[in-house]
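As structure tokens, the structure follows; a few thoughts come after it.
Quantities reported herein were computed from a predicted structural model and do not represent experimental measurements.
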Amino acid sequence: MRSANERNLLVARNPVAAARFFDLMVCTFIKHVLGIGTEHLGLYGKTSGYYGTVEQQGRLTLHLHTVLWIKNALSPQEIRNKLMKNDSEFQQSLIKYLEEENF
């Protein structure tokens with residue numbers, strides 16, 4: 001693998017190639033991870049919609065900010081209600097997950 005300096009020089013010398021590679025990676029993510037245009041579910045479930053915007057960092061590299069809409073996902077209000085209910089299995093599962101040291 002090339003050093004960070006070598007990679008930065010390659011991007012600076014050929015920004016079009018870098019942008020095309022970034023586009024390939026984003027399209028691959030949308031297809032294989034989100035399951036858009038395929039017969040399989042996405043990693044997070046059925047993606048009913050997505051929106052993304054691309055930014056350039058100071059190092060001339062591109063990155064993506066994405067919002068996903070997942071079919072049958074809980075709304076923010078439903079999540080809040082489940083968290084506020086003291087005897088909620090959802091609340092207990094979330095606390096257990098957050099207290100684990102696996103991540």
Side-chain angles (χ1 to χ4, degrees):
M1 184 149 182
R2 296 177 190 260
S3 71
N5 190 46
E6 288 176 305
R7 291 191 310 266
N8 290 338
L9 286 173
L10 285 171
V11 169
R13 287 187 198 135
N14 197 341
V16 173
R20 291 182 68 185
F21 178 75
F22 178 79
D23 182 64
L24 173 69
M25 291 293 100
V26 170
C27 290
T28 301
F29 173 82
I30 290 168
K31 180 178 181 181
H32 296 288
V33 175
L34 300 182
I36 302 294
T38 67
E39 296 295 321
H40 66 81
L41 284 177
L43 181 64
Y44 308 108
K46 174 133 178 71
T47 304
S48 56
Y50 65 93
Y51 174 80
T53 186
V54 177
E55 290 182 339
Q56 180 180 344
Q57 298 181 55
R59 299 177 299 214
L60 303 176
T61 57
L62 301 174
H63 68 274
L64 179 68
H65 295 267
T66 307
V67 176
L68 304 176
W69 286 268
I70 307 299
K71 187 174 182 176
N72 298 323
L74 296 173
S75 71
Q77 184 63 48
E78 290 170 323
I79 293 170
R80 183 186 185 283
N81 292 345
K82 287 180 177 283
L83 287 173
M84 299 305 289
K85 188 176 175 186
N86 287 333
D87 62 343
S88 165
E89 183 181 336
F90 179 85
Q91 181 191 61
Q92 298 305 316
S93 295
L94 181 61
I95 290 170
K96 181 181 175 190
Y97 170 76
L98 292 173
E99 289 179 345
E100 289 178 356
E101 296 182 25
N102 303 7
F103 58 93

Notebook entry, point to check: Is there a side-chain contact between Asp87 and Lys85, using heavy atoms and a 4.5 Å cut-off?
Noted result: yes
Checklist line | Heavy-atom side-chain contact between Thr66 and Tyr51 under 4.5 Å | finding: no
Item checked: Residue pairs, two or more places apart or on separate chains, that pass ring pair (Phe, Tyr, Trp, His ring centres under 6.0 Å) and touch residues 60-89 -> His63-His65
Go through the structure and list residues passing side-chain contact (heavy atoms from CB on, under 4.5 Å) with [X], not counting sequence neighbours.
X: Gln92; result: none
X: Glu6; result: Arg2, Ser3
X: Glu89; result: Ser93

Let me check something: any side-chain donor-acceptor pairs from residues 26-36 under 3.5 Å, sequence neighbours excluded? List them with distances.
unit_1: Thr28; atom_1: OG1; unit_2: Leu24; atom_2: O; d: 2.7

Item checked: Shortest non-hydrogen separation from Gln91 to Lys82 and the atoms involved -> CB-O, 3.9 Å
Margin query: Nearest 0.5 angstrom please: Ser88 OG to Ile95 CD1, how far?
Written below: 9.0 Å
Item checked: Distance, nearest 0.5 Å, that separates CZ of Phe90 from CE of Met84 -> 13.0 Å
Show me the donor-acceptor pairs, under 3.5 Å and distance only, between side chains in residues 10-21 and residues at least two apart or in other chains.
unit_1: Asn14; atom_1: OD1; unit_2: Ala17; atom_2: N; d: 3.1

Next item on the list: Might you work through the side-chain contact (heavy atoms from CB on, under 4.5 Å) test for Phe22 and Thr61, ending with a clear yes or no?
Entry: CA-CA 9 Å; Phe22 178 79; Thr61 57; over 6 Å; no
Can you get from [X] to [Y] by hopping between Ile, Leu, Val, Met, Phe, Trp and Tyr side chains that sit under 4.5 Å apart?
X: Leu62; Y: Leu64; answer: yes
X: Leu74; Y: Leu98; answer: yes
X: Ile70; Y: Val67; answer: no

